[in-house]
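Notes follow the structure.
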Amino acid sequence: MAVDYKGRIGNLIRDARKHRGLTQAQLADLLSTSQSAINRIEKGHQNLSLEMLARIGEALDSEIVALGAGPTHLRVQGPTTLSGSIDVKTSKNAGVALLCASLLNRGRTTLRKVARIEEVNRLLEVLNSLGVQTRWIGNDGDLEIVPPKEFDLSQINEEAARRTRSVIMFLGPLLHRADAFELPYAGGCNLGTRTVEPHMTALRPFGLEVKATDGMYHAHVNKAVEPTRPIVLTERGDTVTENALMAAALHPGETIIRNASSNYMVQDLCFYLQKLGVQIEGVGTTTLRITGLETIDVDVDYAPSEDPIEAMSLLAAAIVTKSSITIKRVPIEFLEIELAVLEEMNFHYDRSEEYVARNGHTRLVDLHTKPSQLIAPLDKIHPMPFPGLNIDNLPFFAVIAAVAEGQTFLHDWVYENRAIYLTELTKLGGQVKLLDPHRVMIEGPTSFSGAELVCPPALRPAVVILLAMLASKGTSVLRSTYVIHRGYEDLAERLNTLGANIETFRDI
């Protein structure tokens, strides 16, 4: 049965107009059109552009088409050959850590070229609810953060906090600002249970105790407790290390953290803390020696480095579509293992001389990809904490392995069920066999063909599916892509600038 969309939309507009107490003539005046046109619209006898719908919605102060309310979907026409050049954007995970770390500083923090992604938007909503003033400056994603004299933790935006996992990184900065506070449970990717316990290993030495009940973290701080010996992290986690670093930054004494992550976002956090006046030795190693300050009150300007995971996403896009593109501003020290594995798989590329990122530390290069006939690697591919193959980059090897000749084993030992989502590639024609929740075997080469899929709930596997769709014959649809917007800014639009044909759409 055909749905009368025009009639339904017309009824919506009529109801919204009456709710505002406007006549058809008055609405026509607001829109610089005729009353007869409004009459036709309300009766469902008029085709409407999205722009006109948006204008009507604005005039009636009512979102007729709720852009952003319904789920967004992507329609991909393939197969694609990409060309041109693209800059890697700044790191999502560094941006998130720096937003949390800005709570340490009583002065103004200006962050340069922050990734404008959903995870950042949610964190800004949480910060704003605590009384922090934030504003975007210019069009480059520069962000100014000014904290209040005192945080009002009772006003925290619970809905936004529950939609981000990063809120757990408020524990480190806030334990110096309040004796007792509550934070809503973190949400984020559906990757199995990731408990608060590793964070407690890092933060108990500063007097923090957390009970998790009723969807809240209930935190209590004993100010008399301070670290008396090195803090040894039981897992070399990025966010755990960041929490420990932020707690140490406002502890006026020396804190030693062993088995610390030395990953890219941790290094960016260290460089930012050094700008705040915190002394840190051992950046880039697994032992950090921090001399903190009683209070931090400085106006600081910091530019986080580029995102190695986005660089890997773009690299994978070029590889699976057998395309020649130039990827600029690649943080090479965080992609060296990945590139070494790709070289073993017969991937060909050129790289520029190294240059330094805006943070003054991170080494960057430009990569120029060449169409290559890949072969499966002899050994299994598995991630390790930095300087190993990045845990977030492992899923991209699933779609790369699918276009390589032979059998590739992937071992995703970190997450409880992320590997399962990689089997979705079979719906596009891939041969992906799940051996157990952590291991998959992929047989290539694959001739991908278009299909309609619902987006997996985990960020990187979702992007892997999208990249396979670029290489698929015909039309593909990826439904409910919010998870991609959590971690990537305008990914579809940016792939389109390289020649992809990806259309964003919504169901009415």
Side-chain angles (χ1 to χ4, degrees), residues 91 93-107 109 111 119-120 123 126-127 130 132 145 147 151 153 156 161 164-179 181 183 186 196 198-210 217 219 221 223 225-227 230-233 235-283 287-298 300 302 304 359:
S91 149
N93 288 324
V96 161
L98 294 168
L99 279 179
C100 297
S102 71
L103 293 170
L104 297 165
N105 182 18
R106 292 175 183 272
T109 294
L111 300 176
E119 187 82 353
V120 165
L123 268 182
V126 177
L127 288 174
L130 299 179
V132 179
I145 304 153
F151 296 123
L153 294 169
I156 192 163
T164 161
R165 167 173 294 137
S166 313
V167 79
I168 199 164
M169 284 197 291
F170 282 16
L171 291 172
L174 290 180
L175 69 86
H176 295 290
R177 301 292 291 266
D179 293 338
F181 59 93
L183 292 174
V196 72
H199 293 266
M200 295 318 302
T201 306
L203 299 175
R204 257 190 214 106
F206 298 97
L208 182 73
E209 282 299 338
V210 173
Y217 295 131
V221 186
K223 291 280 201 285
V225 176
E226 51 184 54
I231 295 168
V232 180
L233 302 182
E235 69 169 51
R236 201 186 303 168
D238 302 325
T239 54
V240 173
T241 303
E242 287 166 333
N243 246 335
L245 266 166
M246 291 186 281
L250 278 177
H251 169 60
E254 186 176 79
T255 307
I256 296 169
I257 306 171
R258 298 204 194 280
N259 196 29
S261 163
S262 46
N263 209 354
Y264 61 97
M265 71 296 276
V266 176
Q267 293 196 25
D268 255 320
L269 175 59
C270 287
F271 300 142
Y272 169 74
L273 293 176
Q274 286 172 332
K275 278 202 141 184
L276 293 181
V278 178
Q279 290 177 33
I280 306 176
E281 292 172 36
V283 180
T287 300
L288 295 171
R289 193 178 291 268
I290 304 112
T291 307
L293 299 163
E294 189 85 50
T295 57
I296 298 172
D297 189 349
V298 287
V300 69
Y302 184 75
N359 67 11

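FYI, side chains are in, hydrogens and waters are out, and symmetry mates aren't considered; it's all heavy atoms of this structure.
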Completion exercise
Interatomic distance, NE2@H199 vs CD@E235, rounded to 0.5 Å, equals 7.5 Å
Problem - Check against side chain to side chain contact (heavy atoms under 4.5 Å, CB included), L153 and R177 - result: CA-CA 10 Å; L153 294 169; R177 301 292 291 266; over 6 Å; no
Problem - Minimum-distance pair of heavy atoms, taken over all atoms of A244 and I257 - result: CB-CD1, 3.7 Å
Handout entry: Heavy-atom closest pair, residues V240 and A202
Key = CG1-CB, 3.9 Å
Practice task
Show the numbers, then the answer: is there a side chain to side chain contact (heavy atoms under 4.5 Å, CB included) between F170 and L127?
Solution key: CA-CA 10 Å; F170 282 16; L127 288 174; 4.0 Å; yes
Handout entry: Stepwise side chain to side chain contact (heavy atoms under 4.5 Å, CB included) test for T241 and L233
Key = CA-CA 8 Å; T241 303; L233 302 182; 3.4 Å; yes
Handout entry: Value rounded to 0.5 Å, distance of OH in Y272 from CG in L276
Key = 4.5 Å
Handout entry: Spacing of L98 atom CG and E242 atom CD [to the nearest 0.5 Å]
Key = 8.5 Å
Practice task
Compare all side-chain heavy atoms of D238 with those of N93 and state whether any distance is below 4.5 angstrom.
Solution key: no
Problem - Minimum heavy-atom distance between A94 and P304, given as atom pair plus value - result: CB-CB, 4.2 Å
Handout entry: Donor-acceptor pair, side chain of N105 and main chain of V298, under 3.5 angstrom
Key = yes
Practice task
For the pair Q274 (side chain) and I280 (backbone), establish whether a donor and an acceptor sit closer than 3.5 Å, ignoring hydrogens and angles.
Solution key: yes
Practice task
Quick one: do F151 and V132 satisfy side chain to side chain contact (heavy atoms under 4.5 Å, CB included)? Show the steps, please.
Solution key: CA-CA 8 Å; F151 296 123; V132 179; 3.8 Å; yes
Practice task
Any chance you could measure L208, atom CG, to K223, atom NZ, to the nearest 0.5 Å?
Solution key: 10.0 Å
Handout entry: Value rounded to 0.5 Å, distance of OG1 in T295 from CG in L104
Key = 11.5 Å
Handout entry: Closest heavy-atom pair and its distance - E294, P252
Key = OE1-CG, 3.7 Å
Practice task
Specify the closest pair of heavy atoms between L293 and V278, including all atoms of both residues, with the distance to one decimal.
Solution key: CD1-N, 4.0 Å
Handout entry: N243 side chain vs I168 backbone, donor-acceptor pair below 3.5 Å
Key = yes
Handout entry: Donor-acceptor contact below 3.5 Å, side chain N263 vs main chain M265
Key = no
Handout entry: Distance-minimising heavy-atom pair for T255 and I231
Key = CG2-CD1, 3.7 Å
Exercise for the section: Hey, could you give me the OG/CG distance between S262 and L288, rounded to the nearest 0.5 Å? Expected result: 8.5 Å
